[in-house]
Amino acid sequence: MFLYNITLQRATGITHAIHGNFSGTKMQEIVVSRGKILELLRPDANTGKVHTLLTVEVFGIIRSLMAFRLTGGTKDYIVVGSDSGRIVILEYHPSKNMFEKIHQETFGKSGCRRIVPGQFLAVDPKGRAVMIGAIEKQKLVYILNRDAAARLTISSPLEAHKANTLVYHVVGVDVGFENPMFACLEMDYEEADNDPTGEAAANTQQTLTFYELDLGLNHVVRKYSEALEEHGNFLITVPGGSDGPSGVLICSENYITYKNFGDQPDIRCPIPRRRNDLDDPERGMIFVCSATHKTKSMFFFLAQTEQGDIFKVTLETDEEMVTEIRLKYFDTIPVATAMCVLKTGFLFVSSEFGNHYLYQIAHLGDDDDEPEFSSAMPLEEGDTFFFQPRPLKNLVLVDEQENLSPIMSCQVSVPQIQLEERKMEESKNSASLHRLVVSEMAVSELPGNPNAVWTVRRHVEDEFDAYIIVSFVNATLVLSIGETVEEVTDSGFLGTTPTLSCSLLGEDALVQVYPDGIRHIRADKRVNEWKTPGKKTIVRCAVNQRQVVIALTGGELVYFEMDPSGQLNEYTERKEMSADVVCMSLANVPPGEQRSRFLAVGLVDNTVRIISLDPSDCLQPLSMQALPAQPESLCIVEMGGVEKQDELGEKGTIGFLYLNIGLQNGVLLRTVLDPVTGDLSDTRTRYLGSRPVKLFRVRMQGQEAVLAMSSRSWLSYSYQSRFHLTPLSYETLEYASGFASEQCPEGIVAISTNTLRILALEKLGAVFNQVAFPLQCTPRKFVIHPETNNLILIETDHNAYTEATKAQRKQQMAEEMVEAAGEDERELAAEMAAAFLNENLPEAIFGAPKAGAGQWASLVRLVNPIQGSTLDQVQLEQNEAAFSVAVCRFTNTGDDWYVLVGVARDMILNPRSVAGGFIYTYRLIGGGEKLEFVHKTPVEDVPLAIAPFQGRVLVGVGKLLRIYDLGKKKLLRKCENKLCMSVPKYIHCYPYKF
């Protein structure tokens with residue numbers, strides 16, 4: 001049975017990435033697929049940050065993804081191949097922030113099947129046709145066009161099937177405006193299938209086949225097929241027509257080859273290798289992904305090898321004939337699944353296992369000293385070029401998106417989840433919490449304990465805040481925001497009294513509300529003051545850009561509104577409330593309007609009342625809501641908006657009004673506020689903590705959000721048309737305000753005890769907050785020590801060297817370099833050997849050396865999960881692979897804890913063979929922070945599972961189940977069961993059974 005499901009956290013690995021102008025503007029956007037999720041990303045050209053605009057769950061597997069643009073169009077469409085048995089064409093609508101399904105054509109059964117198309121997609125570079133292909137046999141071509149209303153149309157499918165043929169890759173060939181053509185890497189297995197000797201299979205060659213769509217006859221023909229010398233893994237389209245020579249580049253093992261029709265000869269160039277590489281010398285090298293950049297005057301390709309090295313590939317032409325392929329080392333980055341070169345000068349690199357990166361292309365690599373390799377350079381067959389890898393030179397990292405990586409093992413421990421993950425070239429151990437990540441930008445101590453903080457701007461057009469106002473019990477401190485934050489005394493604020501609220505008023509005036517009155521500060525420093533009548537004081541207030549409402553002692557409301565001349569005028573009447581006012585809130589003034597229509601007032605009688613501020617019924621009650629407890633704070637925000645464009649072309653968002661009510665019992669209520677009648681409806685409730693809830697309006701990603709503070713701080717925000725209420729991964733805060741500066745455009749300034757803190761929240765939409773700790777090899781399993789909660793991990797990598805073996809190989813290669821040099825060059829060779837020995841390129845970027853099949857590296861690590869520090873580690877010998885681990889006590893050894901590690905020796909995966917195995921026994925000493933070797937016990941097969949059982953250990957050795965007890969020189973076998981039908985990989989024990 002297969003059921004639709006939605007995971008707690010969306011997948012973070014990217015399998016496909018395409019770029020284009022999907023919103024119809026000149027903005028460059030990226031569409032990525034994360035397994036069953038389609039996501040639209042937009043890199044900000046100014047800040048370099050990648051923002052997620054839209055995430056869509058497709059409830060299926062996205063197998064292929066391509067972008068295309070109709071001839072003469074300004075907008076890119078998205079073609080999706082999936083396991084649905086359909087081809088789907090999507091269009092992005094920025095006003096609705098959604099993908100609209102333009103066409104959905106069914107061609108086969110659902111599921112990932114060998115002969116049902118969906119695995120491969122290719123589009124004609126002019127946007128006239130699209131080919132969707134299966135792994136075997138079937139290929140369909142759809143013609144794309146416009147109707148009379150300029151809407152995209154799609155034809156019935158045209159077949160390009162070929163039986164008994166496997167497909168490896170498909171691309172559209174750029175032939176200008178001639179008949180669309182597609183190139184396929186294929187292999188015909190019919191002869192191999194009918195030959196029982198296997199000789200035909202060994203001699204079967206891969207072919208490059210061109211399919212032409214005849215637009216006149218509405219038919220697809222198999223135009224040309226050619227056998228290939230090397231086995232190719234993917235194709236790159238070369239620009240054609242007026243932009244280039246057309247044709248394709250075939251990326252194969254150790255070579256890149258250019259092919260085209262007619263008299264064009266094949267141009268073949270070896271793939272350069274790293275100089276003094278520790279890799280297995282017999283191992284071939286392939287390109288794994290590429291990106292094309294094309295302008296009106298030139299084009300080039302960036303191709304990445306499986307080691308992460310990027311080469312800039314250019315073609316030299318002579319009268320439309322390609323004469324030479326040139327390769328130049330560009331930079332080295334982690335291995336990617338897709339690369340996108342954007343017209344804004346960025347390179348987006350997505351990965352299935354590692355983090356995703358956005359790089360700025362600082363240089364094109366034309367003017368540096370790197371050697372350029374050419375197909376015209378004479379080389380013996382089988383020889384290649386060599387280059388020296390180096391740190392980044394042409395690329396500058398500007399943004400990074402974390403990728404959780406595949407989970408190898410998982411255990412839940414209060415209050416966090418311990419995970420082991422694997423990246424392609426980087427392993428890590430992480431702890432996950434349901435929290436939003438908080439970046440602490442700055443922390444400053446204050447002269448006392450403040451009770452409130454605000455930020456204001458000098459002018460309504462200013463992008464950043466000018467002042468931070470901090471209120472104390474008997475004073476107000478004004479700080480100026482610049483390169484440094486300094487105290488100022490000429491701001492016009494009254495510093496000898498506490499402040500209840502402050503705000504920018506009108507275009508360039510400021511208002512300060514304090515217990516004895518209101519201070520209106522003009523831009524030219526003129527000050528107008530309004531004093532409270534008699535012995536009354538202001539107890540609560542609410543302000544926005546044009547309005548001020550205060551509550552005097554006794555429940556009397558006084559309303560002020562700014563007139564066109566910038567003067568703050570009091571409304572003629574005052575409103576007497578039926579009970580004391582405990583909290584108030586005004587919404588921001590909507591764009592194009594004079595005032596906010598509603599005032600929310602919380603009273604001591606456990607009610608919230610909506611008061612009209614419209615001139616026709618000013619200060620008249622509109623609605624009321626009874627509350628289960630006394631309100632502590634109110635906040636009216638506009639959330640969940642979509643982009644709209646008015647008659648003048650101004651863009652803005654139109655959302656819904658929500659009244660957020662924080663209660664003294666720690667409960668948050670969110671109620672819909674009708675923008676016309678002021679009625680309250682659809683109340684949602686959430687318990688936040690043990691303290692009264694304080695609410696503060698902030699801005700996140702251009703929209704209003706609510707920061708709620710109780711015993712824990714929470715953020716209520718709208719993200720991709722969904723509401724989120726997520727706790728912050730930070731200590732308790734007392735008061736906050738929005739903060740905007742050049743270094744932190746959307747931050748929060750908050751107070752906690754006697755400190756002022758500037759915080760930033762960047763990973764909106766994330767469900768968990770992960771803390772990752774890098775490891776050396778792939779973590780396979782881990783156990784938790786019950787007394788100290790330390791983690792004991794086993795890390796194992798196949799096709800890898802241990803640190804000791806790497807050092808030996810480097811020493812051996814250095815000695816060979818010196819011996820191979822002549823007497824005249826001996827001194828230079830010694831210097832080169834010394835430099836080679838001292839060279840230390842980080843494996844997380846440059847990759848770990850590949851030792852070859854049957855080579856293993858393993859270690860046992862003891863980790864403190866809170867600090868992420870390694871307390872102890874034991875490196876196993878070369879070709880010993882750790883597969884199981886357990887922590888246990890033996891009945892005959894008292895209170896000592898032991899760690900048992902199951903290890904295989906000289907294991908080969910295919911065909912499976914193993915020279916035997918061991919069970920290493922370590923004693924935990926030093927308070928559980930050090931491993932002491934006790935002994936190792938030889939076994940005849942791989943111990944894949946170990947578990948403590950009734951004071952002894954239960955071990956799965958191959959297909960055998962054994963119980964061992966601790967001996968002085970090795971583990972003692974107590975009993976054995978030979979009746980297992982399969983190899984036990986996991987053993988879970990209960991008091992009297994397992």
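A quick note: this is a predicted structure, and the numbers were derived from the prediction, not measured. Side chains are part of it too, since the values below use all heavy atoms of this structure and drop only hydrogens, waters and symmetry mates.
More than 12 heavy-atom neighbours from other residues, nucleotides or ligands sit within 6.0 angstrom of CE on M813.
Looking only at atom types and distance, the side chain of Y258 has no donor-acceptor partner in the side chain of Q264 under 3.5 Å away. Donor-acceptor pairing under 3.5 Å is lacking for the side chains of S351 and T337. Side-chain atoms of E226 and Y224 form a donor-acceptor pair, as typed in the model, at a separation below 3.5 Å.
In terms of the salt bridge (Lys or Arg N to Asp or Glu O under 4.0 Å) criterion, K137 has no residue partners (sequence neighbours excluded). Residues that satisfy the salt bridge (Lys or Arg N to Asp or Glu O under 4.0 Å) test with R268, not counting sequence neighbours, are E230, E381.
Nearest heavy-atom pair, L397 versus L358, reported as atom, atom and distance to 0.1 Å: CD1-O, 3.7 Å.
Note on R274 versus D309: salt bridge recorded, some NZ/NE/NH1/NH2 to OD/OE distance being below 4.0 Å. Checked for salt-bridge contact, K294 and D243 meet the test: a charged N lies under 4.0 Å from a carboxylate O. A salt bridge is absent between K850 and D279: the closest approach of a Lys/Arg side-chain nitrogen to an acidic carboxylate oxygen does not fall below 4.0 angstrom. Comment: E178 does not engage R128 in a salt bridge, judged by the lack of any side-chain N to carboxylate O separation of less than 4.0 angstrom. For R390 and E839, the salt-bridge test fails: no basic side-chain N is under 4.0 Å from an acidic carboxylate O.
For the atom pair OG of S374 and CZ of F385, the computed distance is 7.0 Å after rounding to the nearest 0.5 Å.
In this structure the side chain of V313 reaches within 4.5 angstrom of the side chain of I325, judged on heavy atoms.
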